[in-house]
Amino acid sequence: MRAFNIIGGGLLGLVIGLLVGFGAALFAMRFSQPKNDGSFGMLEMLVCLPTGTLIGLASGLYWGFMR
């Protein structure tokens with residue numbers, strides 16, 4: 001049961017972190033100037049998506065280990 005909590009918590013944290021990171025990137029895109037070269041929002045996506053995913057994974061694993 002403990003392994004299920006760790007794996008399930010990690011996966012759930014990963015997905016939730018991905019969604020929160022995507023939302024944070026969309027929110028951050030509101031404050032940057034649009035560019036005409038097709039790269040609008042790429043910096044925000046490159047920073048916020050992996051950061052949110054890693055934070056979500058770490059918190060999910062922490063929850064799984066402490067439960």
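Just the heavy atoms: all of them, side chains too, but no hydrogens, waters or symmetry mates, feed the values below.
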Fill in the blank from the handout: For residues 41-58, the side-chain hydrogen bond (donor to acceptor under 3.5 Å, both in side chains) pairs (sequence neighbours left out) are S32-E44
Handout entry: Euclidean distance, L11 CG relative to I16 CD1, rounded to 0.5 Å
Key = 11.0 Å
Exercise for the section: Indicate the atoms forming the closest heavy-atom contact of P50 with M45, along with that distance. Expected result: CD-O, 3.6 Å
Handout entry: side-chain hydrogen bond (donor to acceptor under 3.5 Å, both in side chains) pairs, two or more places apart, involving residues 58-67
Key = none
Exercise for the section: Could you grab the distance from atom CG of L18 to atom CG of L57, nearest 0.5 Å is fine? Expected result: 11.5 Å
Exercise for the section: Decide yes or no for M42 and V47: does some side-chain heavy atom of the first lie under 4.5 Å from some side-chain heavy atom of the second? Expected result: no
Handout entry: Check against side-chain contact (heavy atoms from CB on, under 4.5 Å), M66 and N5
Key = CA-CA 9 Å; M66 292 300 144; N5 283 338; over 6 Å; no
Practice task
Look up atom CG in L14 and atom CG in L61, then write down how far apart they are to the nearest 0.5 Å.
Solution key: 9.0 Å
Exercise for the section: Any pair with a residue in residues 12-43 that passes ring-ring contact (aromatic ring centres under 6.0 Å, His included), sequence neighbours left out, goes on the list, sorted by first then second residue, please. Expected result: F27-F31
Exercise for the section: Please report the shortest heavy-atom distance between G21 and C48, naming the atom on each side. Expected result: O-CB, 3.4 Å
